[in-house]
Amino acid sequence: MKYAEVSVNAPAAQRQTFSYSIPSELSVDIGQAVYVPFGQKIVQGIVIELADVPAFEPTRDISGVIDPQPFLSPKQIPLAKWLSDYYLSPLFDAVALMLPPGFERRVMTSISRTPQAADISTLNEPQQNLLNLLSQKPSLKLSEAETLLGKKRASPAISQLVETGLVERTYALERVKVKTQTVPYIRLIISREEALVIATNLPGKSRKQQSLLNLLISQSGPLPVSDAKLQSNCDSATVNTLVRKGLAAVENIEVRRAPLSRYQIQLSQPLNLTGAQEAVFKPIQAALRRETIDDKPPVFLLHGVTASGKTEIYLQALAEAVKLGKKGIALVPEIALTPQTIERFSARFPGRVAVLHSQLSLGEQFDEWQRIKNGEVDVVVGPRSALFAPQPNTGLIILDEEHEWTYKQSEQSPRYHARDTAVKMAGLTGAVVVMGSATPSVETYYRAVRGDYQLLQLPERVVPVENAPLPEVEIADMREELKDGNRSIFSRPLTQALEKALANKEQVILFLNRRGAATTIQCRNCGLVIKCKRCDIPLTYHFDSDSLVCHRCNYKSKPPQTCPRCFSRRIRYLGIGTEKLMEDAQAMFPDARLLRWDSDVTQKKDSHQDILNKFRNHEADILIGTQMVTKGLDLPLVTLVGVVIADTSLNLPDFRAGERTFQLLSQVAGRAGRGQLGGQVIIQTYNPEHYAIEAAAKHDYQAFYDKEILFRKELNEPPFVQLATLTFVHPNDNRCREEAEKMAKTLTAERDAKGFPGLDLIGPAPAFMHRLRGRYRWQIIVRGSGLPQFLKNIRFPQGWIIDIDPVGL
Ligand code: ADP
Ligand code: ZN
Ligand code: ZN
């Protein structure tokens with residue numbers, strides 16, 4: 001093959017590949033990373049296809065190969081293309097998901113002098129200065145020239161000098177960000193006997209050489225130079241002397257940066273499956289062994305209440321895959337919140353688990369990636385992006401907590417959903433997918449009921465001890481509390497339960513899905529609500545920093561003494577967040593030890609683990625927190641969970657508000673009563689008869705689903721239709737609206753012309769977050785079937801964000 005189709009790392013490339021010829025001295029393979037010329041620059045690219053004829057002519061040569069081994073496997077290439085086609089993202093963005101950490105490097109511009117002679121008199125001052133600088137140095141980085149001359153003066157001067165041919169621009173990639181780490185080791189290169197003779201005969205002055213030689217003689221292999229120096233009390237000069245004399249050699253040896261070494265891991269054995277577990281394990285096993293007779297899709301939804309033994313099923317399914325000579329990938333919603341899951345996986349596959357996530361150092365990520373690529377691990381554990389780990393021969397993909405929104409990448413392109421991508425990947429590779437949840441997303445459950453996925457159920461907790469059924473849930477009607485004159489944030493039932501639990505030295509979790517102390521700051525005189533200047537949403541007061549914080553863009557300011565509008569001093573703090581809850585709980589229970597867990601107190605690395613350990617060791621009685629406390633924690637001393645306000649998520653303008661509320665409440669309720677002490681949950685709400693709250697209180701997924709799916713059908717929402725949001729972002733609100741209106745017209749015309757009658761266009765309207773970080777957003781919602789096909793042929797100018805299958809509108 002003489003030609004290659006290359007996905008290039010340049011924004012202009014969009015969803016296309018570009019044709020290049022392969023110079024005869026290069027050997028180039030599919031999936032390989034190469035340097036290619038693109039415009040005037042040299043950029044990185046990945047070979048997507050080889051061909052005998054180019055798709056476009058004339059072609060330029062590939063400039064070089066970045067790494068001899070291909071980074072993408074042949075099966076990843078169609079997956080990358082699908083991501084780009086389906087989610088309408090630049091192809092390189094999709095390819096980049098699969099590349100080694102730290103691979104992407106920016107193109108840096110430099111300037112240098114050409115041999116052409118210059119007539120100084122025709123040049124202006126900045127041009128002369130520039131030539132002067134270039135007579136002292138062979139080349140200057142663009143950024144250097146800008147610092148020396150000033151940005152405004154440098155760039156026209158450079159352009160003019162390039163035009164007259166006195167200066168040329170050259171392009172190079174920035175420095176490599178991460179490499180394999182090596183450490184120098186020292187070892188003897190003569191026999192020990194010989195070394196012993198030499199050591200004893202060294203003159204008295206050479207005591208250091210003697211000591212180092214003796215140390216090396218006592219070693220069975222090489223040892224790090226730094227250790228050798230320390231142990232023999234010598235310095236680099238001594239090391240160099242031994243090397244010069246031909247007695248020892250120093251070599252660089254690769255070392256692995258290993259993130260899992262932070263954990264203390266004890267080997268665990270597979271448990272004997274219960275009857276219910278056996279029944280769900282069998283079909284998964286059959287699919288892995290390819291024994292399934294009818295052609296049911298090898299995609300399973302494992303619907304099981306918390307503590308029903310889903311994780312044990314994942315572990316045994318992975319072990320089965322490994323037994324069959326395959327490997328696995330296990331996805332978890334948020335790695336920082338699931339240290340226990342990582343521990344459980346590592347304990348079952350000691351030394352054969354890799355973790356991949358962005359909180360690791362780049363070096364750690366790079367080394368884990370290499371280990372995986374080399375086939376050294378059986379299981380990769382990580383968040384959504386771990387789906388693209390270079391795990392060879394992946395036979396099983398697990399998605400724990402399938403319903404979690406973190407599986408959708410919403411902030412950057414490609415805006416993919418890991419669940420749908422995993423199913424696609426399985427289709428391409430033949431891998432089996434197992435997704436598990438206590439509260440499956442309505443979409444997934446619908447597909448399982450319809451037969452696209454196989455539905456497996458674990459309706460009961462594994463009950464190793466007799467008394468660990470699902471906890472009792474009581475709903476506290478806050479309207480009644482108000483009527484009876486209770487204005488505190490603790491209802492009477494919750495207060496009593498708290499008193500009892502604390503008296504028994506048991507633990508309590510209080511859940512409130514809002515951070516901060518006061519969520520609205522208002523002037524009592526004129527009614528003004530203090531808002532973020534950039535986002536136009538109310539600012540939240542935080543005690544910790546005594547400041548007002550925007551929860552969207554993190555803008556911070558001092559709380560005002562007087563109203564900015566009417567100068568009244570009557571400023572009122574309304575609403576409640578976790579900080580205020582801490583204060584009120586402490587006032588109510590002065591002897592209780594409180595601990596807070598939300599994103600304000602978890603900025604540091606490992607802080608999640610620290611808080612969790614503290615609570616697990618019973619160094620606190622009450623854990624107060626946001627969503628984090630709802631995640632898969634196993635805390636046997638917790639006998640009471642209080643949901644302080646269940647309504648926060650109900651009031652969001654999103655068709656998934658009910659689903660979200662049900663999921664949160666079910667999860668938080670699942671935290672109670674995991675030990676022998678049993679447990680109780682109290683949900684405080686102003687909407688006690690809402691179906692999501694009622695169903696969560698009864699642990700009744702089916703009741704919730706039956707209601708919810710009817711609403712979805714009635715309102716024509718997913719899973720009955722597909723959605724996409726098209727958002728235009730601009731600093732000027734009017735311009736933003738105009739562009740959105742123009743696009744809506746284009747789309748309508750296009751829909752009618754191309755024959756997509758089933759597509760609804762809704763809007764344009766200001767997005768829910770109309771103003772974010774100082775920029776406005778207008779949104780068009782497209783609803784119907786055939787969305788990617790329809791949108792594929794529309795040209796979207798810069799500033800448009802396209803989100804197919806968005807979560808959270
Ligand atoms: P889930 O993932 O559904 O929350 P887990 O797999 O974590 O459930 O199981 C809950 C608890 O039950 C864990 O402590 C686990 O060790 C235990 N467990 C699971 N399966 C069995 C079994 N077959 N025999 C005994 N204990 C089990
Ligand atoms: Zn005022
Ligand atoms: Zn803001």
Side-chain angles (χ1 to χ4, degrees), residues 270-271 273-274 276-285 287-288 297-321 328-335 337-338 340-342 344-345 348 379-384 386-387 394-408 417-423 425-426 431-449 452-462 470 630-634 659 662-664 666-667 669-671 674 699 701-702 704-705:
L271 303 170
L273 295 182
T274 61
Q277 283 175 317
E278 196 68 48
V280 301
F281 182 65
K282 278 270 144 62
I284 299 174
Q285 189 179 42
L288 284 167
V299 178
F300 296 92
L301 170 61
L302 178 54
H303 175 210
V305 296
T306 48
S308 60
K310 297 186 292 297
T311 310
E312 186 61 31
I313 297 291
Y314 305 152
L315 291 169
Q316 300 209 12
L318 285 165
E320 178 72 27
I329 296 177
L331 302 185
V332 291
E334 219 168 322
I335 201 94
L337 303 180
T338 42
Q340 290 179 328
T341 313
I342 299 177
R344 281 180 75 180
F345 280 83
R348 200 60 68 79
V379 183
V380 178
V381 183
R384 57 172 188 252
L387 184 59
T394 301
L396 178 61
I397 304 167
I398 306 234
L399 264 100
D400 190 25
E401 309 287 358
E402 162 283 328
H403 60 277
E404 284 288 347
W405 288 10
T406 48
Y407 281 126
K408 171 84 182 185
H417 202 303
R419 179 186 60 219
D420 303 329
T421 310
V423 171
M425 187 165 144
V432 172
V433 179
V434 177
M435 2 192 201
S437 174
T439 54
S441 65
V442 170
E443 279 107 321
T444 303
Y445 199 78
Y446 175 76
R447 287 184 197 136
V449 170
D452 299 353
Y453 309 151
Q454 296 187 52
L455 182 59
L456 305 170
Q457 309 250 25
L458 285 176
E460 310 275 340
R461 282 188 172 184
V462 180
L470 287 167
T630 68
K631 305 299 173 202
L633 309 178
D634 207 349
E659 175 176 349
F662 177 78
Q663 286 165 351
L664 278 174
S666 304
Q667 274 171 29
R671 297 307 116 216
R674 291 180 72 102
H699 306 288
Y701 179 82
Q702 196 65 43
F704 159 74
Y705 175 81

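Contact between Leu396 and Ala321 at its shortest, heavy atoms only, is CB-CB, 4.2 Å. Here the closest heavy-atom approach between residue Pro298 and residue Ala431 is recorded as CG-O, 4.0 Å. Heavy atoms only, all atoms of each residue included: Pro333 and Tyr407 are closest at N-OH, 3.4 Å. Taking each heavy atom of Gln277 and Gly309 in turn, the nearest pair found is NE2-O, 3.1 Å. When all heavy atoms of Val462 and Thr274 are compared, the closest pair comes out as CG1-CG2, 4.2 Å. The shortest heavy-atom contact between Ala448 and Leu301 is CB-CD2, 3.9 Å.
In this structure, the separation between CZ on Phe300 and CD1 on Ile313 is 11.5 Å, given to the nearest 0.5 Å. With values rounded to the nearest 0.5 angstrom, Glu334 atom CD is found 11.5 Å from Glu401 atom CD. For the atom pair CG (Leu302) and CD (Gln457), the distance works out to 9.0 Å, reported to the nearest 0.5 Å. If you take OH on Tyr314 and CG on Leu331, they are separated by 10.5 Å, rounding to the nearest 0.5 Å. In this structure, Met435 CE and Leu456 CG are separated by 10.5 Å, a value rounded to the nearest 0.5 Å.
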(message) Would Ile329 and Met425 count as a side chain to side chain contact (heavy atoms under 4.5 Å, CB included) here? Give the steps.
(response) CA-CA 12 Å; Ile329 296 177; Met425 187 165 144; 4.3 Å; yes

(request) Show the numbers, then the answer: is there a side chain to side chain contact (heavy atoms under 4.5 Å, CB included) between Thr306 and Arg461? (result) CA-CA 7 Å; Thr306 48; Arg461 282 188 172 184; 3.9 Å; yes

(request) I would like to know whether Glu659 and Ser441 meet side-chain hydrogen bond (donor to acceptor under 3.5 Å, both in side chains); could you show each step before the answer? (result) CA-CA 8 Å; Glu659 175 176 349; Ser441 65; 4.8 Å; no

(message) Between Tyr445 and Glu402, does the side chain to side chain contact (heavy atoms under 4.5 Å, CB included) criterion hold? Intermediate values first, please.
(response) CA-CA 10 Å; Tyr445 199 78; Glu402 162 283 328; over 6 Å; no

(request) Give the intermediate values and the outcome of side chain to side chain contact (heavy atoms under 4.5 Å, CB included) for residues His699 and Val305. (result) CA-CA 8 Å; His699 306 288; Val305 296; 5.9 Å; no

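Under the 3.5 Å distance criterion, the side-chain polar atoms of Tyr701 are matched with a main-chain donor or acceptor of Pro440. A donor-acceptor pair under 3.5 Å is absent between the side-chain atoms of Gln454 and the main chain of Ile284, judged by distance alone. In this structure a side-chain-to-backbone donor-acceptor pair under 3.5 Å is missing from His303 to Leu458.
The salt bridge (Lys or Arg N to Asp or Glu O under 4.0 Å) contacts involving residues 300-314 comprise Glu312-Arg348, where partners must be two or more places apart or lie in separate chains.
In summary, Glu278 and Lys282 engage in a salt bridge, as defined by a charged side-chain N under 4.0 Å from a carboxylate O.
Between Phe704 and Phe662, the ring planes are parallel. Angles under 30° get that label, and only those over 60° would be called perpendicular.
In this structure the side chain of Gln667 reaches within 4.5 angstrom of the side chain of His403, judged on heavy atoms. Taking the side chain as every heavy atom from C-beta outward, Gln702 and Tyr705 approach each other to under 4.5 Å. Residues Asp452 and Val423 form no side-chain contact, since every pair of their non-hydrogen atoms from C-beta on lies 4.5 Å or further apart.
Residue Glu460 qualifies as open at atom CD: its count of foreign heavy atoms under 6.0 Å is 12 or below.
Each of Arg419, Glu404, Arg384 was compared with Leu399 under the side chain to side chain contact (heavy atoms under 4.5 Å, CB included) criterion, and only Arg419 meets it.
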